[in-house]
Amino acid sequence: ASGPLSMKFGQRLREARNPEWVQFYPDYDRLKAMLLEMSRTGQNRAFTGRRDLMPHSIGGTEERISAAGPSEVEFVRFIDAEIDKVSAHYLAQAKALRERVKDLETKFKALSENSGGLSGADVIELANEVERCETILLKIDDFINLSYSAFVKILKKHDKHSSCPLLLAYSVKLQGQPFIQEKLTSVIYSLSNVNSKLMGKESKSEAQFDPNQAGGTSFVRKTTKYWVRMEDLTRVKCMILKQLPVYKFSEGDNDSDRITSIYYDNDDLDLYTGRLHKTPGAIAVRMRWYGEDPKAGSPVYVERKVHNESWYGEESRKERFSLPEELVQPFCEGKLTPEGVRGVLQKDPDFKGNINYCVELAKEVQGHIRTKQLKPYVRTQYMRTAFQKKGDATVRASLDTELCMALEPVGPNEWRYKGDLVRDQICQFPHGVLEVKLQLAGSQETPKWVQDLLDTGMLVEVNKFGKFVHGLAALLPPTQVRELPYWFHQVNLDGDEDQGANSYGKETAGIELKAGGTPPGGDAKGIKSAAATRHPRVVYKAKEPSCLENLAKTFLAMSDPVPFQKVVSGKLVVEPKVFFANERTFLVWSSLCTQLGSITIAVLAIGSHRPSMLRVGVMLGALTTVFFLYALAIFHARAYGLRIRSTEAPYDDRFGPTMLAGIMLVALSVNAYTSMCDAPGAAMMLLPGAGGGGGAPPQ
């Protein structure tokens, strides 16, 4: 849990920690008091790097005159003890939780094997125990996150004023601690199994969709992607587990499976550009496998993803078929023909798809590789936790963690790289990626729990996020990649200033920093600005709102628009004709203003010597100006809302027409009243015999 931005960390720690475990958290207040005392007495500047690095003798003593207060040695000794305390408590709680979950599984098995099966009371008791285990799991997770944050915060405070920096050294030490290294994914998987059986949502069934895709398949669904901060991963998993069980397609006691994909592209990055701009028909070609690296005979899935917009009459789709590992390179080289693929699939006992469909797909994919000169470019690897009900693909979810992208510098006659990589060839993504996949019929509504999950604020929607696009944008030099996806510089969700230019990838505000480079706006410490080589790159994203659009949003705040057509992703589905409809509406308002403006000019022309007519003309001119500015503001506000696909823009505008009708009614009434009061004798001139200029009756 995180507090307000203005809250000090010490106060947030005191409010967020578990009261039952107060004594096991790092003593942040005492560590902070030690730093203050060290700063007051000058002990934080005692290490100068000269005398302290000289040899010492065991033949002497340490009886020296020293400053009062704690020393750096005492601070290090105390923080080491605090780290050991946190590790010991984590190990004890993790062991107790594993034993409790094991007892739960044993009890469930024993009750299930009874002649009468599980009674209603048994189900309630077991479900409550699952809930209690999940609560303990979340408590442990919060304990680890708060403790780790406390250590990092206090070490940053120390290094800010000390001559002996410790943060980097202790970062390495913390990464090796049990509360960082050991995971409780096996506990999550066990709780999922028990809960799914209790609720009748078993995660495995013959009728269920096969995630291994053992055959040629093509499927269409609506997928929305979100980033999940690492500190929220466990909580998000537990929320999903209440509705969907974990589905595993490989052996093991943890809740996730490793997925590796190798994406193909050419030197012109045609596939990258198409996927970046979401061009209709843009494809992605990849080779994917599950679990450990494939060996001879292991299945590798040849996949093609095709992007289409729904308003084109087609949906995006993913198609694939499997080949043995040793036949992937012959297929890419054209030595294994599509008809050869037919023979391979016919001999595969696990193949369940349409062979003719797979042969046609193989022909098209091989054509892409040969004609576009595609080759392996980037590899993605992650651990996927999949969630799905038994035999129900209406709502599916998957959470990818430990996401890494790496370049694929293959040699001749290789379809994947088997050598070692250097650090610059690897990009580690700092968040989890949650995908919510919906296959809803026309009358079906989005499940309420999905919207509840979105409302927690733990998910950050990243529309059309792609691992392939992100990997190439992060790893390739700007001489090859000149356009970046819109989300590229939003990776640092927390805006931590300590995670600087080089904390992720190689980019800072669209500038790549070569060796010795510095971010824009000044020199980094210890780096000469003359050595910097900068390559500006374009970030492909929507335009920022103009001043007029910002004014329109402010002006229209009073209209209190009703949200229009919400979907799970929180984004509006926009078709091209909607933009033209917005323009036509503006033209209708403009036509009305033109007519009123023409009347205004005529009234002012004929009423220049009549004060009442002049007042009417001025009033009509003012109203015409108000109507036109209102129409212009509405037009820009709607256009901006459509461009960002907002559901809160004033599409349903009831204020404007009501205002127009009301003002016109008042204006006509005032005009009629003024005219009648200003010329009372004008009507008398129309009566027989009235006035002196009526003329004589005809002869």
Side-chain angles (χ1 to χ4, degrees), residues 86-87 89-106 108 129-148 174-198 201-204 211-212 226-260 290-292 380-389 396-404 428-435 453 458-459:
V86 171
S87 294
H89 181 66
Y90 167 77
L91 291 174
Q93 292 298 322
K95 180 180 179 181
L97 180 59
R98 289 191 182 98
E99 292 176 353
R100 187 166 183 170
V101 171
K102 186 176 180 180
D103 292 341
L104 172 63
E105 291 179 308
T106 303
F108 172 80
E129 181 63 14
V130 170
E131 187 75 21
R132 287 190 286 268
C133 290
E134 289 181 354
T135 302
I136 296 174
L137 177 66
L138 293 177
K139 286 182 179 180
I140 296 175
D141 189 63
D142 290 339
F143 171 76
I144 295 305
N145 285 324
L146 280 174
S147 299
Y148 183 81
L174 288 172
Q175 294 301 320
Q177 294 302 309
F179 58 83
I180 298 296
Q181 289 292 320
E182 292 190 13
K183 307 298 180 182
L184 294 176
T185 55
S186 60
V187 170
I188 297 175
Y189 186 42
S190 298
L191 291 176
S192 171
N193 287 338
V194 175
N195 188 65
S196 63
K197 293 173 182 177
L198 288 174
K201 305 173 183 175
E202 288 85 351
S203 59
K204 291 193 177 182
N212 275 333
Y226 306 89
W227 289 348
V228 184
R229 295 175 178 86
M230 294 303 293
E231 60 266 29
D232 295 329
L233 281 177
T234 304
R235 194 169 298 275
V236 169
K237 282 186 178 182
C238 289
M239 290 188 67
I240 300 177
L241 283 178
K242 296 181 185 299
Q243 307 296 331
L244 300 176
V246 171
Y247 181 87
K248 276 183 63 67
F249 44 87
S250 65
E251 299 299 328
D253 59 355
N254 62 345
D255 66 343
S256 56
D257 301 283
R258 195 178 91 174
I259 298 179
T260 308
Y290 299 85
E292 300 298 326
T380 64
Q381 178 180 297
Y382 47 88
M383 299 299 294
R384 167 163 290 183
T385 305
F387 306 88
Q388 183 177 351
K389 286 184 181 179
R396 300 176 61 212
S398 63
L399 183 58
D400 299 337
T401 58
E402 288 79 47
L403 172 58
C404 300
Q428 296 180 349
F429 195 71
H431 311 299
V433 179
L434 174 67
E435 297 184 33
L453 181 61
M458 293 186 292
L459 308 183

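Just so we're clear, the structure is a prediction, and the values are computed from it rather than from any experiment. Residues: numbered from 1 along the sequence shown.
- I240 CD1 to R396 CZ: the interatomic distance, rounded to the nearest 0.5 Å, is 12.5 Å.
- Among residues two or more places apart in sequence or in another chain, the salt bridge (charged side-chain N to carboxylate O under 4.0 Å, His left out) test is passed with E129 by R100, R132.
- Surrounding CD of Q181 are more than 12 heavy atoms belonging to other residues, nucleotides or ligands, all under 6.0 Å away.
- Contacts of E402 classified as side chain to side chain donor-acceptor pair (under 3.5 Å), with partners at least two apart in sequence or in another chain: none.
- With sequence neighbours left out, E182 forms a side chain to side chain donor-acceptor pair (under 3.5 Å) with no residue at all.
- K139 NZ to L97 CG: the interatomic distance, rounded to the nearest 0.5 Å, is 11.5 Å.
- Shortest non-hydrogen contact noted between A94 and I140 is N-CD1, 4.2 Å.
- Every side chain to side chain donor-acceptor pair (under 3.5 Å) that R258 has, sequence neighbours left out, goes to D293.
- Distance check: K183 NZ to I188 CD1 gives 10.5 Å after rounding to the nearest 0.5 Å.
- Every residue meeting the side chain to side chain contact (heavy atoms under 4.5 Å, CB included) condition with N254, not counting sequence neighbours, appears here in chain and number order: T185, K248, S256, M383.
- Listed by chain and number, the residues in a salt bridge (charged side-chain N to carboxylate O under 4.0 Å, His left out) with D255 are K237 (sequence neighbours excluded).
- Residues forming a side chain to side chain contact (heavy atoms under 4.5 Å, CB included) with E99 (at least two apart in sequence, or on another chain): K95.
- The side chain to side chain donor-acceptor pair (under 3.5 Å) test applied to Q175 returns Y148, not counting sequence neighbours.
- In this structure, CD in Q388 is found 8.0 Å from CG in L244, a value given to the nearest 0.5 Å.
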* Test log, rule side chain to side chain contact (heavy atoms under 4.5 Å, CB included), inputs F387 and V246 -> CA-CA 5 Å; F387 306 88; V246 171; 3.8 Å; yes

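- Using a distance-only test at 3.5 Å, with no hydrogens or angles considered, no donor-acceptor pair links the side chain of D141 to the main chain of L137.
- No side-chain heavy atom of N195 sits under 4.5 Å from any side-chain heavy atom of L241.
- Counting heavy atoms from C-beta outward, T385 and T401 have side chains that stay 4.5 Å or more apart.
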* Could you go through the salt bridge (charged side-chain N to carboxylate O under 4.0 Å, His left out) check for R384 and D400 one step at a time? => CA-CA 4 Å; R384 167 163 290 183; D400 299 337; 2.8 Å; yes

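- The pair K242-E131 meets the salt-bridge criterion, since a charged nitrogen lies less than 4.0 angstrom from a carboxylate oxygen.
- By the side chain to side chain contact (heavy atoms under 4.5 Å, CB included) test, S87 is found to be paired with I83, Q177, P178, F179, residues two or more places apart in sequence or in another chain being considered.
- Rounding to the nearest 0.5 Å gives a distance of 8.0 Å between OG1 of T234 and CG of L184.
- One distance of note links CG of L104 with OG of S190; it measures 9.0 Å at 0.5 Å rounding.
- By the ring pair (Phe, Tyr, Trp, His ring centres under 6.0 Å) test, Y90 pairs with no residue at all, sequence neighbours left out.
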